[in-house]
Amino acid sequence: MKNITFGEIEKMLFGGAEMQVSEEQLAGMERCYEFLKEFAAEKVIYGINTGFGPMAQWRVDDRYLSDLQYNIIRSHSTGAGEPLGDLYVKGAMIARLTNLLQGRSGVHPSVALLLQEFINRGIHPYIPEHGSVGASGDLVQLAHIALTLIGEGKVHYRGEWRETKDVMRECGLEPLKIYIREGLSITNGTSVMTGISAVNQHYAERLLELSLLTAVWMNEVAASYDDWMADELNSVRRHEGQRYTAQRMRELAKGSQCLSKREHHLYSEEQKGKSYFEHKVQAYYSLRCTPQILGPVWETLQNSRRVIEEEFNSASDNPIVDPDSKNVYHGGNFHGDYISLEADKVKIAVTRLAQTAERQMNYLFHDRINGILPPFLNMGTLGLNYGMQACQFTATSTTAECQTLSMPNYVHTIPNNNDNQDIVSMGTNSALLCRKVIDNAYQVMAIHMIALRQATDILKKADMLAPATKAMYDKVNAIIPAFVDDTPFYDEIAKVEEMLRN
């Protein structure tokens, strides 16, 4: 069976592509379902004829097996807090569907077809942010998805919160029927944390590309010597990420007339006898060390992309039904450690991007450091006007919040569920904290882009920029051109942020 790629997931989340379920996948689900239906007769199997969690020691009478599946859905729909945005809910539904399509859960194929309809029609179940400890997967939040599949609860549809049953009736959809273990299987897995992480991954990769661009633009503003990104320098350090980021920045810098050549200045005859050099021999670390700083970020995101893609193509369920070996295996494929650890690593990496942008911004604002720009890029009257002074407060405070949020969540476990879940992943919390750090970093990057545009205009360098940085200059300039008078910035910051995301 063909695996879904991260690129295909992105196209569904951001490009309008529809979720396609193949006949081969449905046949695999049907085969697994038929095996389980036969195998489960006269056997004790967790979650089919037993209670859930620590109540698994109690057998459930055959008369109530259907009620058992409805009960786990209704009893676990107990989330709290703000609802997840449509994009994250869609990611979670895609993850749950691709997990079920592995044909190892023993659920009826109708589950996949109904989930496909919800995804492609833009029907987004109400899923509160809080409720998952990431151990038996995202039990509470996935229960909210299951609740809507059985025609209960509410959904976000075409911009409105509506009763699920009304939307399903309008779309000609029938509520899900319970066959054997549909309630447990839909609620049991890592799909919410995985769906959120897929959206996070997309935005984090975009942030890295923006950071590579601003690294070049910053050095253009400072007229830095360009050997900091030379292949000869970066290739002798063996890390793939450093080599890649240096190469990418060389590509972005092509055509620039702003960068200096060391051999034209410091290595020339005219420098002989000089005891002091006006132009810095080496730029500050936040400018010249960007391959070494952003390289580990690139490697972190490469690994998180791999883990997320693998989780989409996994069966994160319990028990696992295997028609090939004709057995049912009880274990812990619902445990969210893989996603939780990657979410923590991504938020640390993204905080590093925010820190780098904030330090580069400080260089632009601090006239005694850069030596070429007015304080806070103030094009007005010093003392009367304030330029971007207050913008730095916002960027600094937001970066500081990223630093606080970057404390690891993966290692934060609290036993619960009568100590049945005695070590948990907190994976969805990790993914949500990562989302917040990414949102913050975009705000910092938006302010940084405005500052770079202002600095470029002060130095009259716009026509000397590399085509790549000039293209970004033009986009920012269209939103907020050079300013002299003091003015509120909050609308422009938000507009630049939106432009950077898209």
Is it true that the side chains of T164 and T148 contain a donor and an acceptor less than 3.5 Å apart?
no
Determine yes or no for a side-chain-to-main-chain donor-acceptor pair under 3.5 angstrom, with N370 supplying the side chain and Y363 the backbone.
yes
Could you tell me whether the side chains of W228 and T290 share a donor-acceptor contact shorter than 3.5 Å?
no
Between E358 and T396: side-chain donor-acceptor atoms closer than 3.5 Å
yes
For the backbone of V192 and the side chain of Q141, can you confirm whether one donor and one acceptor N or O come within less than 3.5 Å of each other?
no
Surrounding OH of Y338 (heavy atoms of other residues, nucleotides or ligands, distance under 6.0 Å), is the total greater than 12?
no
Taking E163 first and then R169, would you say they form a salt bridge - that is, a charged N and a carboxylate O separated by under 4.0 Å?
no
Side chains of T398 and N440: any donor to acceptor distance under 3.5 Å?
no
Polar side-chain atom of N502 near backbone of E498 as donor-acceptor pair, under 3.5 Å
yes
Within the distance-only criterion (no hydrogens, no angle test), does the side chain of N120 pair as donor or acceptor with the backbone N or O of E18 below 3.5 angstrom?
no
Answer yes if the side chains of H239 and E299 hold a donor-acceptor pair under 3.5 Å, and no otherwise.
no
Qualifying residue, where the test is salt bridge (charged side-chain N to carboxylate O under 4.0 Å, His left out) with R305 and the options are E311, E10, E342
E10
H144 (side chain) donor-acceptor with G79 (main chain) under 3.5 angstrom:
yes
So that I know where these two stand, are F312 and F6 an aromatic pair - ring centroids less than 6.0 Å apart?
no
Strictly by modelled atom types, are Q247 and D231 linked by a side-chain donor-acceptor pair under 3.5 Å?
no
Is a salt bridge present between R501 and D439, judged by a nitrogen-to-oxygen distance below 4.0 Å?
yes
Side chains of S256 and E220: is there a donor and an acceptor less than 3.5 Å apart?
yes
Cationic N near anionic O, under 4.0 Å, E129 to R435:
yes
If the threshold is 4.0 Å, N to carboxylate O, is there a salt bridge linking R453 and D457?
yes
Would the distance check show the side chain of T356 and the main-chain N or O of R352 forming a donor-acceptor pair, the cut-off being under 3.5 Å?
yes
Is the shortest side-chain N to carboxylate O distance from D86 to K90 below 4.0 Å?
no
Within a reach of under 6.0 Å around CD of E251, are more than 12 heavy atoms found that belong to other residues, nucleotides or ligands?
yes
Please find the pair of heavy atoms, one from R96 and one from G189, that lie closest to each other, and give the distance.
NH1-CA, 3.8 Å
Take T214 and M361, measure what side-chain contact (heavy atoms from CB on, under 4.5 Å) needs, and give me the verdict at the end.
CA-CA 10 Å; T214 55; M361 204 183 314; over 6 Å; no
T351 and S406 have their tightest heavy-atom pair at OG1-OG, 2.5 Å
Strictly distance-based, threshold 3.5 Å: is any side-chain N or O of N409 a donor or acceptor partner for the main-chain N or O of M426?
yes
Can you tell me if N99 uses its side chain to pair, donor with acceptor, with the backbone of S191 under 3.5 Å?
no
Ring centres of F14 and H202 under 6.0 Å apart?
yes
Report yes or no: does N234 contribute a side-chain atom to a donor-acceptor pair with the main-chain N or O of R243 at less than 3.5 Å?
no
Modelled atom types, side-chain donor and acceptor of R359 and S286, under 3.5 Å:
no
Sidechain-backbone polar pair: S340 side chain, D337 backbone, donor-acceptor under 3.5 Å
no
Any chance you could measure R368, atom CZ, to L373, atom CG, to the nearest 0.5 Å?
14.0 Å
Specify the closest pair of heavy atoms between K2 and E8, including all atoms of both residues, with the distance to one decimal.
NZ-OE2, 2.8 Å
